[in-house]
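Below is one structure, written out as structure tokens; the observations come after it.
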Amino acid sequence: MNFIMIPGPWQGAWIWESVVRRLHEMGHRAYPITLTGLAADAAADVSSIGLRTHINDILRAVEENDVRDAIIVAHSLSGVVGGVAADRIPERVARVVYLEAFVPRAGQAVLDAFPAPLGEEERRLIDESGGRWPVPDSSVIADGQGITPKQADWLVRHSVDHPGRPLCEPVTLSRPAARQKAVYVVCSGDHFDDALAADVEPLRAEPTWSFRTLDAGHWPMISAPDDLAALLDDVAREASLEVSRASTT
């Protein structure tokens, strides 16, 4: 199967290196993406980079690699980008894997899903930071997430302040994300009592959604790459069987 790998905020294709290597060894093709503005110098002007820019990054990767029956893997805030991209090309997407990720909701921006005071604080921070969302301190990255201080320092050193506009612009969908064929991966270390976001929990009842759990924190591609790759391989086998059945009916 073909994986399109979208990193979460501040990071680029490099974050997926260990998982991509394992997927290739399992016989899959994997295309990790660096979204526009995430490979640039932190001082670069990102004012022209919006949500549409990042969605087009995904669509371009699918088109340029002639990917069919794609499995889009989207981490953290990039669940919104991956989910909207899948909405644009449903005929070319077999699954969307929301890896501890935000799910797109029509008319809402990423920061609308934050608790009200925090969302406004982050918007102010973006404004004060020249249109970028700053990389957090390594102690914040590591806190309770199953990675070592050394790994957290490595993440921060390689990360780039995120363009702010994609977090602030509302989403447009042709159909609700609840109708997608999707897998939501819960990283158990990131939750208390397995509590999920209020807009994610109801998706357990949707027939086209399934839920998986990883015994990991928010950065499983760093703390548990073997387990994450095995989970994605399992998702790929399920999707491949479904595609095969559909082609014979």
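Because only heavy atoms are used, hydrogens play no part in the values below, and waters and symmetry mates are left out as well, while side chains stay in. Worth saying up front: this structure is predicted, and the values here are computed from it rather than measured.
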inquiry  = Using a 6.0 Å cut-off, check whether atom CD of Q108 has over 12 heavy atoms from anything other than its own residue.
reply    = yes
Does [X] reach the side chain of [Y], with side-chain heavy atoms less than 4.5 Å apart?
X: P9; Y: L167; value: no
X: P163; Y: R132; value: yes
X: P90; Y: R175; value: yes
X: E100; Y: V185; value: no
X: L99; Y: Y184; value: no
X: F211; Y: L203; value: yes
X: C168; Y: R165; value: no
X: N65; Y: N2; value: no

Are any side-chain N or O atoms of [X] and backbone N or O atoms of [Y], one a donor and one an acceptor, separated by less than 3.5 Å?
X: E169; Y: L51; result: yes
X: Q151; Y: T148; result: yes
X: S223; Y: W219; result: yes
X: S78; Y: V81; result: no
X: T36; Y: T53; result: no
X: S138; Y: A152; result: no
X: Y98; Y: S76; result: no
X: H75; Y: H218; result: yes
X: D87; Y: S174; result: yes
X: D45; Y: S47; result: yes

Whether [Y] and [X] form a salt bridge (side-chain N of Lys/Arg under 4.0 Å from carboxylate O of Asp/Glu) is what I want to check.
X: R60; Y: D57; answer: yes
X: R179; Y: E206; answer: no
X: R123; Y: D112; answer: yes
X: D233; Y: R237; answer: yes
X: D69; Y: R92; answer: no

inquiry  = The test is side-chain contact (heavy atoms from CB on, under 4.5 Å); show your working for V96 and V183 and say whether it passes.
reply    = CA-CA 6 Å; V96 184; V183 178; over 6 Å; no
query = Below 6.0 angstrom between ring centroids: does that apply to F3 and W16?
reply =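 Ring-ring flag for F3/W16: false, centres at least 6.0 Å apart.
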query = Between F102 and F114, does the ring centroid distance fall short of 6.0 Å?
reply = yes
On a heavy-atom basis, which atom in [X] and which in [Y] lie closest, and how many Å separate them?
X: I141; Y: P136; value: CD1-CG, 3.7 Å
X: A74; Y: G79; value: CB-CA, 3.7 Å
X: P170; Y: G107; value: CB-O, 3.6 Å
X: L59; Y: A85; value: CD2-O, 3.7 Å
X: G164; Y: I126; value: CA-CG2, 3.8 Å
X: V171; Y: L173; value: CG1-CG, 3.7 Å

task = Going by the side chain to side chain contact (heavy atoms under 4.5 Å, CB included) test, name the single residue among M26, M5, R95, M1 that passes it with L232.
result =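 Testing L232 for a side chain to side chain contact (heavy atoms under 4.5 Å, CB included) against M26, M5, R95, M1 leaves exactly one candidate, M5.
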message = Under the criterion salt bridge (charged side-chain N to carboxylate O under 4.0 Å, His left out), I'd like the reasoning laid out for R68 against E91: C-alpha separation, chi angles, the key distance, then a yes or no.
response = CA-CA 8 Å; R68 311 285 169 170; E91 73 285 355; over 6 Å; no
task = Please identify each residue that fulfils ring pair (Phe, Tyr, Trp, His ring centres under 6.0 Å) with W133, with sequence neighbours left out.
result =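 W133: ring pair (Phe, Tyr, Trp, His ring centres under 6.0 Å) contacts with W10.
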ask   = Can you get from L111 to V140 by hopping between Ile, Leu, Val, Met, Phe, Trp and Tyr side chains that sit under 4.5 Å apart?
value =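 In one cluster: no.
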task = Decide whether L118 and V110 are clustered together by the hydrophobic rule: side chain heavy atoms of Ile, Leu, Val, Met, Phe, Trp, Tyr closer than 4.5 Å, transitively.
result = yes
message = V186 vs L214, test: side-chain contact (heavy atoms from CB on, under 4.5 Å). Steps then yes/no.
response = CA-CA 6 Å; V186 180; L214 275 178; over 6 Å; no
Roughly how far, to the nearest 0.5 Å, is the [atom2] atom of [Y] from the [atom1] atom of [X]?
X: I71; Y: L23; atom1: CD1; atom2: CG; answer: 9.0 Å
X: R22; Y: H24; atom1: CZ; atom2: NE2; answer: 13.0 Å
X: K150; Y: L155; atom1: NZ; atom2: CG; answer: 13.0 Å
X: I147; Y: M221; atom1: CD1; atom2: CE; answer: 10.5 Å
X: L228; Y: D226; atom1: CG; atom2: CG; answer: 9.5 Å
X: L35; Y: Q11; atom1: CG; atom2: CD; answer: 11.0 Å

Pair listing, salt bridge (Lys or Arg N to Asp or Glu O under 4.0 Å) test, anchored in residues 209-220, at least two apart =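 Passing the test, one end in residues 209-220: R212-D234, R212-E238.
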query = Using a side-chain heavy atom cutoff under 4.5 Å and only I, L, V, M, F, W and Y, what cluster partners does V46 have?
reply = I49
query = Would you call the rings of W14 and W154 parallel, tilted or perpendicular if under 30° counts as parallel and over 60° as perpendicular?
reply =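 Answer is perpendicular, since the angle exceeds 60°.
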request  = May I ask you to decide if the ring planes of H54 and H162 are parallel, tilted or perpendicular, using 30° and 60° as cut-offs?
outcome  =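 Ring orientation of H54 relative to H162: perpendicular.
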message = Between V67 and I4, does the side-chain contact (heavy atoms from CB on, under 4.5 Å) criterion hold? Intermediate values first, please.
response = CA-CA 9 Å; V67 174; I4 302 292; 4.2 Å; yes
task = May I have the step-by-step check of side-chain contact (heavy atoms from CB on, under 4.5 Å) for I6 and V73, ending in yes or no?
result = CA-CA 6 Å; I6 314 172; V73 182; over 6 Å; no
